[in-house]
**Q** 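Pasting a structure here, questions to come.
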Amino acid sequence: MNKLGISDLDLRDRRVFMRVDFNVPLADGQITDDSRIQAALPSIRYVIEKDGKLVLASHLGRPKGKPDPKYSLKPVATRLGELLRTPVRFAPECVGPEVEQMVSVLLRGGVLLLENLRFHAEEEKNDPEFAKQLAKLCDVYVNDAFGAAHRAHASTAGIAAYVKQAAAGFLMQKEIESLTHALTSAEKPYVAIVGGAKISDKIELIESFLNIANSILIGGAMAYTFLRARGIATGKSLVERDKIDRAKDLLAKAAAKNVSLELPVDHVVAPSLESTNSHVTSVTDTPPDEMGLDIGPETIRGFSGIIRQAKTIVWNGPMGVFENPKFAEGTFAIARAVADSKAFSIVGGGDSAAAVAESGVASKITHISTGGGASLEFLSGQKLPGIEVLTDKGPVLRK
Ligand code: AMP
C-alpha cells in the first residue's frame, strides 16, 4: 500500500484522532452486535501500547444533523471499556471547548470516545470549519473506518487537510490489501458472484468484473432483469424494466470478452413472499402469477461446480430472499460452496457477510469486508475519498 499505515507513525505522547466505524445495531439502548467494535480493537490496542492519547470518533445511525439521545455513542464507550478492560471516557460532544479540555487532560494510553459526529450536519457536508475543529483535537489522524471510506465527510476526508499525517488503521489496511489483491493480482479462474435486489446498484461492479473475472454468477432479484434481456418471461419476479437494455449490453460485452455470465436455470417461485405454496420450476416455466425468490437446486449445483474450480472468488449480494428461511437455501448453499473452496475468497456486503456468519463458515473465508457500500465501490474500480486523502508513503516522513 502506498499510503501511511498506523505503524509508520510515532505515537508516543501524541494525540491520535482515530475515525472508527462504531455504527453498531442498538435495541433499547443495548448493543445487539459488537463486531464493529471488536474489528477496531487491534488499532485501538496498538495506540494504547505505544503510549498515544487516543481520541475515538464515529457516526451512529442517521440522526439528521442534530443531537438525538437515541443515537448516542455512550453505550459504545461502556462496551469498549469492558472489551479493553480499561476505562473509556466519554465526551458529550465531538467538537468545542469542553472536548478540547477533555483531550488536553488525556494521559498516555488514555482513551476518549467522542459523541456521534452526525449530531452536526457539518459532518456529512464535509464542512471545512468543522473538519478544522476536529483536527484541533489531534497531532495525527488515523482512519480505521473502512465502512465509511466511500463517504467524503469531515471526519473521513476533510480533516486530512488540517493534520500533518493521515494514516490507515490495521482494519483499513487489511481491507485495502485484500480488495486490491482481488482487483489487480488475483489468480485465475476468477469467479465473481453477484446477487441482491437491484442490478442498478451493481452495474459498475459487473462492468469491473467483466475485465477481470472468468465467470460471473448472477443470482437474486437482479437475475430477472438479465433473464428478461434474454427474452425469458419472468412472471411477477422483480424486474427493473428500465435496465433491460443495460443488461443486454452487459450480456453482449461478456460474450465479446469471453466471460461466462451465468444466470439461474431453475428457481423457487411462489405467488407472493407470504405464500406457503413455494415450489421449484425451470426459469423458462415461471408461472405468470408467481415470482422467483431463490435460486433452485440445479442452479446451486451448477454454480457450486464453477466455484469449486475457482482460485479467486468475490461474492456480493444474496441469491434470494434469504431473510425468509423458505428462500434462504440458495444463499446458504453458495456460502458453503465458497467456504469449501480453496480459493482466495472475499465476501462483501452486509447480507452476504451475514449469510456466511449464519452458515457458520465465516472462518473459512479469506476476507469478509466490513464495508458494504465501500467494498462495492472499491471493487467497481472507484477511488474512495477516505483512502485517497491519506498521506502518501514517501521517502521522507513528515513526523
Ligand atoms: P442488495 O442490498 O442489493 O444486496 O439486496 C439485498 C436484498 O435483495 C435482500 O434483502 C434480499 O431479500 C433481496 N432479494 C434477493 N433475491 C430476491 C428476489 N429473488 N426477489 C426479491 N428480493 C430479493
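Starting from 1, each residue takes its place in the sequence as its number. Counting convention: from 1, in listed order, for ligands and their atoms alike.
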**Q** Does either side chain, that of Ser155 or that of Arg19, offer a donor lying less than 3.5 Å from an acceptor on the other one?
**A** yes
**Q** Would Glu323 count as a polar contact of ligand 1, with the cut-off being nitrogen or oxygen pairs under 3.5 Å?
**A**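 Yes, Glu323 has an N/O under 3.5 Å of an N/O on ligand 1.
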**Q** Check whether any N or O atom of Met319, backbone or side chain, sits under 3.5 Å from an N or O atom of ligand 1, and answer yes or no.
**A**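 No; the residue has no nitrogen or oxygen that sits under 3.5 Å from a nitrogen or oxygen of the ligand.
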**Q** Would you say NZ of Lys188 has more than 12 non-hydrogen atoms from neighbouring residues, nucleotides or ligands within 6.0 angstrom?
**A** yes
**Q** Under a 3.5 Å distance rule, please check whether Asn116 uses its side chain to pair with a backbone N or O of Ser72 as donor and acceptor.
**A** no
**Q** Could you tell me the residue and atom name of the protein heavy atom closest to atom 5 (O) of ligand 1, and the distance to it rounded to 0.1 Å?
**A**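 In this structure, atom 5 (O) of ligand 1 has Ala197 N, 2.9 Å as its nearest protein heavy atom.
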**Q** Under 4.0 Å from any heavy atom of Gly220, which atoms of ligand 1 are there?
**A** 16 (N), 19 (N)
**Q** Are His120 and Glu115 linked by a side-chain donor-acceptor pair shorter than 3.5 Å?
**A** no
**Q** Provide, to 0.1 Å, the distance between atom 20 (N) of ligand 1 and the closest protein heavy atom, together with that atom's residue and name.
**A** Ala221 CB, 3.6 Å
**Q** Mark the output for Lys202 as yes if a heavy-atom distance to ligand 1 is under 4.0 Å, and as no if none is.
**A**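 Judged by the 4.0 Å heavy-atom criterion, Lys202 does count as contacting ligand 1.
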**Q** Among all the protein's non-hydrogen atoms, which is closest to atom 6 (C) of ligand 1, and how far away is it?
**A**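 Looking at atom 6 (C) of ligand 1, the protein heavy atom closest to it is Asp351 OD2, 3.1 Å.
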**Q** For atom 23 (C) of ligand 1, what is the nearest protein heavy atom, given as residue, atom name and distance?
**A**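 Of every protein heavy atom, Val321 CG2, 3.5 Å lies nearest to atom 23 (C) of ligand 1.
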**Q** Kindly confirm or rule out an N or O of Gly195 lying under 3.5 angstrom from an N or O of ligand 1.
**A**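 Looking only at distances, the answer is no, because the N/O contact criterion of under 3.5 Å is not met.
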**Q** Is it the case that over 12 heavy atoms from other parts of the model lie below 6.0 angstrom from the NZ atom of Lys236?
**A** yes
**Q** Can you confirm whether the side chains of Glu175 and Ser369 place a donor and an acceptor under 3.5 Å from each other?
**A** yes
**Q** Show me which atoms of ligand 1 lie under 4.0 Å from any heavy atom of Gly292.
**A** 18 (C), 19 (N), 20 (N)
**Q** Among all protein heavy atoms in this structure, tell me which lies nearest to atom 14 (N) of ligand 1, with the distance rounded to 0.1 Å.
**A** Gly320 O, 3.9 Å
**Q** Taking Asn23's backbone N and O only, do any of them form a donor-acceptor pair with Arg36's side chain (distance below 3.5 Å, no angle check)?
**A** yes
**Q** Write down the atom of Glu240, the atom of Ser200, and the distance for their closest heavy-atom approach.
**A** OE1-OG, 2.6 Å
**Q** Would you check whether Gly317 has a nitrogen or oxygen atom less than 3.5 angstrom from a nitrogen or oxygen atom of ligand 1?
**A**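 In this structure, Gly317 places no N or O atom under 3.5 Å from an N or O of ligand 1.
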